[in-house]
Amino acid sequence: MADKKIFIFDTTLRDGEQVPGCKLNTREKIEIALALEELGVDIIEAGFPVSSPGDFESVSEISKIIKNATVCGLSRAVQKDIEVAGEALKHAKRGRIHTGIGTSDSHIKSKFNSNREDILVRAVQAVKWARNFTDDVEFYAEDAGRTDNEYLARVVEAVIAAGATTVNIPDTTGYCLPAQYGEKIAFLINNVSNVDKAVLSCHCHNDLGLATANSISGAIRGARQIECTINGLGERAGNTALEEVVMVLKQHPTLGLYTGIKAERLNPISRLVSDTMRMPVQPNKAIVGANAFSHSSGIHQDGFLKDSQTYEIIRPEEVGAETSKIVLTARSGRSALAYRFKNLGHDFNRNDIDFLYEQFLSLADKMKEVRDNNLIALADSYLQSHQS
Ligand code: KIV
Ligand code: ZN
């Protein structure tokens, strides 16, 4: 069977930008949108046009510039929101309105003081309003992760009948387990009569650290779009990390799923987003963290130096990262020390290294990391004492 494409819907500029401190101006948003297009994302959610004049301007300007990707604007299921989104997107070569409403009983009662039947009517109405502006309408069933599946299936069927071409099933609170989220997607595929007329989309938050696992589980069970952000930015604990889903699918070709992302651009765009949003990436972040390709324990270093595949499943150049690093700490071994000396131009023999290793260890016990300048000093003093 032919491999199936997973559409990558990037929401760094909308869900990611909602993070306190990450706000961007139009110029910054355009720079990131262009980098996302270069990366190969299929859909760029550029903002929430009704939320502020600045965001309206950003979505409008991005719509004028982007050539290949679809540009998307968010709205609530409110006529004014949808009209403003339609206006902001009017220059887009391909424009999408993303509208929706909460469907869990918690949202229906606490947010809307309403009932399931009323919400169904409002959902259908929102899609019809949006279709006045574009044929590409995505509906989100907010808090779908905690929505009763039977009711969710009714909503999904009704919005597809009203003209939604993509239906987003957000795990808004990051509550679901991977198997549960996958079951939800499978339930919709098996119980919504017109599901073949729309793409189902995963939008998973990371409150329990399961966002990537849930999105992959949804894709395995039939969703064809994943919503994600660079560096996993997003509300609270964040959204699904784009770089993670892309590399999971690349590393596991037997899943039969692929994306159009140019993986070698993942690290450069991660740095661009981190710098522009002033949001550092945690060092141990998969794919794009500073330590993602660093080896520091003696056992790992020895194996890695014999064959990199013993401790690395991805080559750093595949994802545009700098070369793998051998970091020297008190947990490092002789082969790593010899390797680092060799890089500095000292080809010491086994006896030299045995001697130098004892000196290195006493230094390393006092420091977090032994750096090149420390090694140079060690080598100089060793050579002086052994030459005289
Ligand atoms: O998390 C969520 O439910 C959202 C929707 C607005 C799509 O971000
Ligand atoms: Zn979200």
Side-chain angles (χ1 to χ4, degrees), residues 7-20 22 41-52 55 59 70-78 81-82 84-85 88 96-108 110-112 119 122-123 126-127 130 136-148 151-152 155-156 159 164-176 181 184-185 188 198-212 214-215 218 223 225-242 244-245 277:
F7 295 102
I8 295 293
F9 175 114
D10 181 275
T11 182
T12 307
L13 299 178
R14 199 279 297 168
D15 212 315
E17 204 236 12
Q18 286 171 209
V19 174
C22 284
V41 309
D42 301 287
I43 302 108
I44 298 171
E45 187 162 52
F48 183 7
V50 84
S51 65
S52 75
D55 222 31
V59 176
T70 295
V71 180
C72 176
L74 185 78
S75 77
R76 294 167 297 182
V78 171
D81 281 32
I82 294 168
V84 173
R96 173 179 298 186
I97 295 179
H98 188 192
T99 188
I101 196 162
T103 53
S104 65
D105 287 336
S106 154
H107 279 224
I108 292 174
S110 308
K111 258 176 81 175
F112 302 114
I119 293 296
R122 287 161 72 172
V127 171
D136 189 346
V137 173
E138 173 166 341
F139 176 83
Y140 64 85
E142 195 178 10
D143 204 16
R146 293 186 301 170
T147 299
D148 165 57
Y151 175 63
L152 186 61
V155 173
V156 172
V159 295
T165 44
T166 304
V167 186
N168 181 6
I169 310 299
D171 185 19
T172 304
T173 57
Y175 169 76
C176 290
Y181 187 76
K184 195 171 276 288
I185 298 292
L188 295 174
V199 165
L200 293 186
S201 181
C202 310
H203 178 115
C204 298
H205 278 268
N206 205 30
D207 299 67
L208 293 172
L210 293 172
T212 298
N214 283 345
S215 298
Q225 177 175 285
I226 293 180
E227 310 199 359
C228 44
T229 60
I230 302 294
N231 300 337
L233 291 170
E235 282 279 353
R236 306 181 308 281
N239 209 300
T240 303
L242 180 149
E244 293 176 11
V245 289
M277 289 193 161

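All ligand and atom numbering here is 1-based and tracks the order in the structure. For the numbers below, each heavy atom of this structure counts, side chains included, while hydrogens, waters and symmetry mates do not. Everything numeric in this text was worked out from a predicted model, so none of it was measured.
Under a cutoff of 6.0 Å and an axis angle of 45°, Arg122 and Phe112 form a cation-pi pair.
Annotation: side chain to side chain contact (heavy atoms under 4.5 Å, CB included) contacts of Asp42 (sequence neighbours excluded): Lys5, Phe7, Ile8. Among residues two or more places apart in sequence or in another chain, the ring-ring contact (aromatic ring centres under 6.0 Å, His included) test is passed with His98 by Phe9, Tyr140.
For the residue pair Asn214 and His205, no side-chain donor N or O sits within less than 3.5 Å of a side-chain acceptor on the partner. A donor and an acceptor atom, one from each side chain of Glu227 and Asn168, are located under 3.5 Å apart. Side-chain contact of Thr166 with Ser201: a donor-acceptor pair under 3.5 Å is absent, judged by distance alone. Between the side chains of Thr99 and Ser75, at least one donor N or O lies within less than 3.5 Å of an accepting N or O. There is no side-chain donor-acceptor pair under 3.5 Å between Ser104 and Thr147.
Side-chain atoms of Ile43 and Arg96, non-hydrogen and from C-beta on, do get closer than 4.5 Å to each other.
Protein N/O/S atoms nearer than 2.8 Å to the Zn ion (ligand 2) total 3.
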Run through all N or O atoms in ligand 1 and write down each protein N or O closer than 3.5 Å, as a pair with its distance.
residue	atom	partner	partner atom	Å
ligand 1	1 (O)	His203	NE2	3.2
ligand 1	1 (O)	His205	NE2	3.0
ligand 1	3 (O)	Thr172	OG1	2.7
ligand 1	8 (O)	Arg14	NH1	3.4
ligand 1	8 (O)	Arg14	NH2	2.9
ligand 1	8 (O)	Asp15	OD2	3.1
ligand 1	8 (O)	His203	NE2	3.1

